[in-house]
Amino acid sequence: MRKTAFLMVSLFIFSVFVFAQNKVNVVVIGAHPDDCDIDAGGTAILFAKAGHNVLFVSVTNGDAGHHEKGGGALAKIRRAEAQEAGKRFGVKYVVLDNHDGELMPTLDIRLNIIRLIRQWNADVVIGPRPNDYHPDHRNTAILLQDAAYMVIVPNVAPDTPPLKKNPVFLYTEDGFQKPTPFQPDIAVDITSVFDQKIYAMAAHESQFFEWLPWTSGKLDQVPATEAERLKWLAEWRNPNINDKTKQSLIKWYGNEKAGQAKYAEAFEICEYGRRPSDEEIKILFPMLRK
Ligand SMILES: [Zn+2]
């Protein structure tokens, strides 16, 4: 009984905290300018539309992501694309000036990420898992894990006031099975904003219509007009809902609404941040309230 009462009081205090500021502050961290967009873009739009604050951070400047361009010239193009994508998503987009393809989880970059999370007063931080094919993605995950907890430690990056509470850290979905497959603890129905997500992603022209088609041998299939390109991108980047995500959607939305969902984004709770109860998750993710 006493434990239950304690949990109820904790939840009440947490609710007062979030509702007092009346906004949920979300930071999404990706290795490259377009990673946040792909992994959490629909969820970001839902947060932004409801008046919450979302920050996208690309830890590298993307200066290796092209077959014909590179270096400072490419970084400039990608920074401009990220700014345009940010407008379309309704989020602030920050691109850090670290080289693409060479990212290491250094102390300097860790401290910068800690500062960004603190300055945004983040309630939720989202990023990749540490098992991934791309070294920049893996190292971004390590940076995210290394920032969890340290964001509340006053003597680390003492030039930026620490957070009063450890945020909830979440991993974005991937298909890698080893050492452990992704677990969709939270699934967000993004069906209503899927078209906007595709439109916003399309701002990264050098990626979705040049570089990525080149890497997968379909550069000759890229359509010419904008309308055709959006349709093509939506078909190519359609995140299909697998069985585990479906079960998570049912948990959060109920059978009927989950059955109508065509597109979803899923997240796994990182053990190093705040460990939220289901009730806390519903406060942090208002779109999950039935
Ligand atoms: Zn990437």
Side-chain angles (χ1 to χ4, degrees), residues 26-44 54-71 74-86 88-89 91-106 109-110 112-113 116 125-147 169-177 182 190 197-198 200-219 222 233 236-239 265-268 270:
V26 182
V27 178
V28 187
I29 300 175
H32 308 111
D34 71 351
D35 288 357
C36 299
D37 318 45
I38 296 166
D39 294 335
T43 305
V54 184
L55 172 69
F56 280 7
V57 178
S58 173
V59 186
T60 75
N61 59 18
D63 62 358
H66 208 277
H67 49 296
E68 290 168 336
K69 305 161 189 164
L74 178 58
K76 201 171 162 191
I77 291 168
R78 299 201 62 182
R79 190 174 293 277
E81 289 173 343
Q83 293 316 306
E84 176 60 25
R88 297 183 188 186
F89 279 109
V91 311
K92 184 180 178 190
Y93 212 130
V94 168
V95 179
L96 302 182
D97 205 16
N98 300 304
H99 287 304
D100 183 355
E102 300 177 359
L103 182 67
M104 297 301 288
T106 62
I109 302 176
R110 183 204 300 172
N112 271 338
I113 287 175
L116 284 168
V125 180
I126 301 174
R129 292 202 306 160
N131 41 318
D132 190 286
Y133 77 103
H134 198 304
D136 289 352
H137 296 176
R138 288 199 300 275
N139 287 330
T140 296
I142 290 169
L143 288 161
L144 176 135
Q145 290 178 333
D146 290 351
F169 283 74
L170 301 172
Y171 295 123
T172 53
E173 181 164 9
D174 61 67
F176 298 98
Q177 302 296 307
F182 174 81
I190 62 156
K197 176 180 177 178
I198 293 296
M201 280 167 55
H204 300 278
E205 281 183 34
S206 71
Q207 302 305 291
F208 293 111
F209 307 123
E210 296 172 12
W211 167 238
L212 295 170
W214 184 84
T215 59
S216 36
K218 49 173 140 191
L219 197 52
V222 179
L233 185 60
W236 179 29
R237 290 278 161 175
N238 174 359
E265 284 167 356
F267 307 100
E268 176 177 325
C270 164

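On a predicted model such as this, the values are computed, not experimentally measured, just so you know. In what follows, residues are counted from 1 in the order of the sequence shown. Both counts, for ligands and for their atoms, begin at 1 and track the order of listing.
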Cationic N near anionic O, under 4.0 Å, Arg138 to Asp132 = no
message = Could you go through Tyr171 and Gln145, starting from their C-alpha distance and side-chain angles, then the distance that decides it, and tell me whether this counts as side chain to side chain donor-acceptor pair (under 3.5 Å)?
response = CA-CA 10 Å; Tyr171 295 123; Gln145 290 178 333; 2.7 Å; yes
ask   = What distance do Trp236 atom CH2 and Lys218 atom NZ have between them, rounded to the nearest 0.5 Å?
value = 5.5 Å
Check ion pair Arg129-Glu173 (N to O, under 4.0 angstrom) = no
query = Between Phe56 and Phe89, does the ring centroid distance fall short of 6.0 Å?
reply = yes
task = Determine the interplanar angle of the Trp214 and Trp211 rings, folded into 0 to 90°, and report it as parallel if under 30°, tilted if 30 to 60°, perpendicular if over 60°.
result = parallel
task = Under 2.8 Å from the Zn ion (ligand 1), which protein N, O or S atoms are there? Could you list them by chain and number?
result = His32 ND1, Asp35 OD1, Asp35 OD2, His137 NE2
